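Bear in mind the structure is a predicted one, so any value in this text is a computation, not a measurement.
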Amino acid sequence: MKEILLRNLSADSKADIREILSEYLSRHYMQTSNGSTAVEQMIREFHQNELRTKAEIEKLQEQLKEMRGQIRSLTDQNQAYKVKHKAFVSSFNDLINHTSS
């Protein structure tokens, strides 16, 4: 197991992890219940962090979906206001031209 873990951590950017893991695996208490309890705790923490991260991502994706809907709605409203404004300007110009004739 030691060789497998170290082989998979061969990237230069993971040198600190490799060093920490090598130190951990070389300790004598590795074969006591302390070591297995520590590993179990790390696995549980990883799992909890993963679930929390997934929940946060899902929440953010839902918020993004809602914002996109709001943007579409506001874009439609903006288009409607532009059309109304253009019609008002045209009507106003026609009124000015009609009264000046």
**Study point:** Non-neighbouring partners of Glu58 that pass side chain to side chain donor-acceptor pair (under 3.5 Å), sequence neighbours left out
**Key:** none
Review point. Does His85 have any side-chain contact (heavy atoms from CB on, under 4.5 Å) partners at least two apart in sequence or in another chain, and if so, which?
Key: Val89
Point to revise | Gap between atom CD of Glu50 and atom CD of Glu45 - 0.5 Å precision | key: 13.5 Å
Practice item. Check for a donor-acceptor pair, side chain of Thr75 on one end and backbone N or O of Ile71 on the other, with a separation under 3.5 Å. Key: yes
Check your understanding: Taking the side chain as C-beta and beyond, is there a heavy-atom pair between Thr53 and Ile57 under 4.5 Å?
Key -> yes
Check your understanding: Can you list every salt bridge (charged side-chain N to carboxylate O under 4.0 Å, His left out) pair that touches residues 61-87, not counting sequence neighbours?
Key -> none
Exercise for review: Kindly indicate whether the side chain of Leu95, heavy atoms from C-beta on, has any atom under 4.5 Å from the side chain of Ser91.
Suggested key: no
Review point. Is there a donor-acceptor pair under 3.5 Å between the side chain of Asn97 and the backbone N or O of Asn93?
Key: yes
Review point. What distance separates Gln61 CD from Gln63 CD, expressed to the nearest 0.5 Å?
Key: 11.0 Å
Practice item. Kindly compute the distance separating CZ (Arg44) from NE2 (His47), expressed to the nearest 0.5 Å. Key: 10.5 Å
